[in-house]
Peer 1: 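Would you mind keeping the following structure in view while I ask a few things?
What you see is a predicted model; the values in this text were computed from it and never measured.
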Protein chains: 2
Amino acid sequence: MTQDNLTKRQREILNFISEHIDREGFPPTRNELCEYFGFRSPNAAESHLKALDRKGVIQLGRGRSRGITLTAMARASLPAAGGRTPLPLVGRVAAGSPVLAEENIENEYRFDPALFSPRPHYLLRVQGLSMRDAGILDGDLLAVHRTPEARNGQIVVARIDDEVTVKRFQRDGQRVSLLPENPDFEPIVVDLAQQELAIEGLGVGVIRSHLTG
Amino acid sequence: MTQDNLTKRQREILNFISEHIDREGFPPTRNELCEYFGFRSPNAAESHLKALDRKGVIQLGRGRSRGITLTAMARASLPAAGGRTPLPLVGRVAAGSPVLAEENIENEYRFDPALFSPRPHYLLRVQGLSMRDAGILDGDLLAVHRTPEARNGQIVVARIDDEVTVKRFQRDGQRVSLLPENPDFEPIVVDLAQQELAIEGLGVGVIRSHLTG
DNA sequence: TCGATGGCTGTAAATATATACAGAACATCG
DNA sequence: CGATGTTCTGTATATATTTACAGCCATCGA
């Protein structure tokens with residue numbers, strides 16, 4: 001609501017400034033704004049900047065080239081700059097509680113959403129070695145994208161009888177197999193007609209912070 | 001070691017540029033450098049910038065005011081500026097080139113420095129399966145902390161004969177073994193008296209963005 | 001219907017900035 | 001020892017950049 005009094009055009013200008021900073025490492029000049037937006041007069045850019053300054057989303061340094069600073073107000077509304085929402089780290093999931101329940105959250109970490117696709121919603125600390133041969137070890141953080149749907153072969157976070165587990169998904173009609181990636185473990189087979197199975201999400205990435213040694 | 005050929009003065013200049021960007025949001029002008037360092041001639045600043053450009057830690061945009069861009073090489077050696085500095089992703093390392101040379105940088109990702117310890121300086125894309133049993137697979141990103149020193153058992157990024165490789169480090173007097181974690185691969189044994197071995201850094205974490213499935 | 005604001009063109013300067021040229025003193029290294 | 005690199009002073013200039021002034025047209029709330 002703070003800067004929703006920005007017009008559509010002013011928002012375009014603001015976005016361009018932010019992107020320019022991301023791309024080049026410094027803000028644009030009036031002329032560079034003109035070039036991008038097709039203005040024939042540098043004053044078109046100047047008056048836009050003045051307006052954005054008046055509305056508090058940027059600050060203009062007088063007499064300084066490229067003296068444009070984005071304020072906190074601007075950053076909060078920009079997709080690229082402010083969009084690094086922290087991901088909660090889910091540790092041991094208490095039986096019966098939702099994965100993302102307050103009591104299960106150990107910590108929060110920010111990182112680039114572009115690293116994983118689709119976008120992860122939380123990190124789950126993996127317990128045990130049942131997925132060892134897929135390179136997922138005890139203590140690893142699994143980046144999880146929340147969705148109730150899974151295709152065969154995908155690595156899923158599943159819940160059976162209030163137990164949360166990470167396995168490879170394999171469906172065959174009414175029969176779902178949760179396959180470990182370690183010969184020391186047995187597949188879990190569920191008949192959907194008899195037993196409940198909830199897919200909590202898909203594994204979209206792995207983060208390991210403690211290398212042995 | 002790549003940019004350790006920076007002189008003390010040049011490092012001071014580089015630090016000031018980085019701090020200026022953090023503080024003001026854009027790089028300094030020649031005059032601002034002069035003011036800070038007490039130069040009486042703008043050419044003092046100019047020639048320092050030229051030197052930093054030549055050494056690859058900054059890039060100068062010709063004819064652009066404040067046209068100074070920090071390269072990945074610079075960022076890796078600068079103190080972590082509040083986790084805002086992105087980590088460069090190093091892909092295939094061209095033979096003979098420094099790991100952090102511009103040509104080897106594929107991308108840049110920001111994320112929480114608290115995730116790994118010690119602090120990683122860059123991400124290296126792992127090739128091959130020689131560390132499979134340590135849960136490091138082909139295509140994984142290894143978070144690397146730059147240091148020339150390693151202790152036995154640590155996972156290192158090493159360079160032999162212009163080849164960069166990830167292995168487990170084992171030293172025995174003048175003999176260093178680089179141990180794979182996969183029985184299909186043979187250890188690399190180096191006699192330090194006969195062959196050069198450079199430790200580029202320590203593996204401090206793993207990120208995998210593509211799960212099979 | 002007036003006044004304020006948004007969104008521009010066009011012109012003109014003041015001044016901020018980059019950058020070349022000509023040194024000088026001092027180190028380092030083959 | 002000469003070549004090369006570092007770190008500066010000092011001067012000059014082309015140009016990049018900001019920024020004021022004078023307008024034009026449209027929209028919108030009072």
Peer 1: Expressed in angstrom and rounded to an integer, what is the separation of Lys8(B) atom NZ from dT7(D) atom P?
Peer 2: 11 Å

Peer 1: Quick one: which of dG7(C), dT6(D), dC8(D) gets closest to the side chain of Arg9(A)?
Peer 2: dG7(C)

Peer 1: How many whole angstroms separate atom CZ of Phe26(A) from atom C1' of dT17(C)?
Peer 2: 13 Å

Peer 1: Indicate yes or no: does Glu24(B) engage Arg64(A) in a salt bridge with an N to O separation below 4.0 Å.
Peer 2: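 Yes.
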
Peer 1: With hydrogens left out and only the distance checked, is there a donor-acceptor pair under 3.5 Å joining Ser41(B)'s side chain and the base of dG10(D)?
Peer 2: yes

Peer 1: Please report the distance, rounded to the nearest Å, between CZ in Phe16(B) and P in dT7(D).
Peer 2: 17 Å

Peer 1: Check whether any side-chain nitrogen or oxygen of Ser65(A) sits under 4.0 Å from OP1 or OP2 of dT17(C), and answer yes or no.
Peer 2: yes

Peer 1: What's the CG-C1' distance between Leu52(B) and dT7(D), to the nearest Å?
Peer 2: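 My rounded result for the distance is 13 Å.
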
Peer 1: Under 4.0 Å from OP1 or OP2 of dT6(D): is there any side-chain N or O of Lys55(B) that close?
Peer 2: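 Result: yes.
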
Peer 1: For Leu49(B) and dG5(D), what is the distance between atoms CG and P respectively, to the nearest whole Å?
Peer 2: 18 Å

Peer 1: Whole-Å distance between dT17(D) P and Ile68(A) CD1?
Peer 2: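 In whole Å, dT17(D) P and Ile68(A) CD1 are 12 Å from each other.
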
Peer 1: Using the rule given for side chain to side chain contact (heavy atoms under 4.5 Å, CB included), can you reason through Val126(A) versus Asp138(A), listing the C-alpha separation, both sets of side-chain angles and the distance that settles it, and then say yes or no?
Peer 2: CA-CA 6 Å; Val126(A) 173; Asp138(A) 187 59; 5.9 Å; no

Peer 1: Parallel, tilted or perpendicular: which one describes the rings of Phe16(A) and Phe37(A), with boundaries at 30° and 60°?
Peer 2: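 Geometry flag for Phe37(A) against Phe16(A): perpendicular rings.
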
Peer 1: Can you work out whether Arg40(B) or Leu60(A) has the more 5'-proximal nearest nucleotide on DNA chain D?
Peer 2: Arg40(B)

Peer 1: Can you find a side chain N or O atom of Ser47(B) that sits less than 4.0 Å from OP1 or OP2 on dC8(D)?
Peer 2: no

Peer 1: Distance check needed: dC8(D) P versus Arg30(B) CZ, whole Å only.
Peer 2: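 Taking atom P of dC8(D) as the reference, CZ of Arg30(B) is at 16 Å.
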
Peer 1: By nearest atom, which of the nucleotides dT17(D), dT7(D), dA12(D) is closest to the Pro42(B) side chain?
Peer 2: dA12(D)

Peer 1: Does His48(B) make a side-chain N or O approach to OP1 or OP2 of dT6(D) shorter than 4.0 Å?
Peer 2: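 False: His48(B) side-chain N/O out of range (4.0 Å or more) of dT6(D) OP1/OP2.
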
Peer 1: Which whole-number value in Å describes the distance from Arg62(A) CZ to dT19(D) C1'?
Peer 2: 11 Å

Peer 1: Are any of the side-chain nitrogens in Arg159(B) or Glu163(B) under 4.0 Å away from the carboxylate oxygens of its partner?
Peer 2: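 Between Glu163(B) and Arg159(B) there is no salt bridge, as every charged N stays at least 4.0 Å from the carboxylate O atoms.
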
Peer 1: May I ask you to say what Lys50(B) touches in the nucleic acid, namely base, sugar-phosphate or nothing, with a heavy-atom cut-off under 4.0 Å?
Peer 2: sugar-phosphate

Peer 1: Does CZ belonging to Arg40(A) count more than 12 external heavy atoms closer than 6.0 Å?
Peer 2: no

Peer 1: Determine: side-chain N/O of Gln10(B) to OP1/OP2 of dG5(D), distance under 4.0 Å, yes or no.
Peer 2: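 Checking Gln10(B) against dG5(D): no side-chain N or O falls below 4.0 Å of OP1 or OP2.
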
Peer 1: Among the nucleotides dT9(C), dG6(C), dT17(C), which one has an atom lying closest to any side-chain atom of Phe39(A)?
Peer 2: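 Closest nucleotide to the Phe39(A) side chain: dT9(C).
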
Peer 1: The side chain of Asn43(B) is closest to which nucleotide in this list: dA20(C), dT18(D), dT17(C)?
Peer 2: dA20(C)

Peer 1: Can you figure out which of dT18(D), dT6(D), dT9(C) approaches the side chain of Ala44(A) most closely?
Peer 2: dT9(C)

Peer 1: Would you sort out whether Glu181(A) and Arg132(A) count as a side chain to side chain contact (heavy atoms under 4.5 Å, CB included), showing the intermediate values?
Peer 2: CA-CA 6 Å; Glu181(A) 291 269 343; Arg132(A) 185 196 63 190; over 6 Å; no

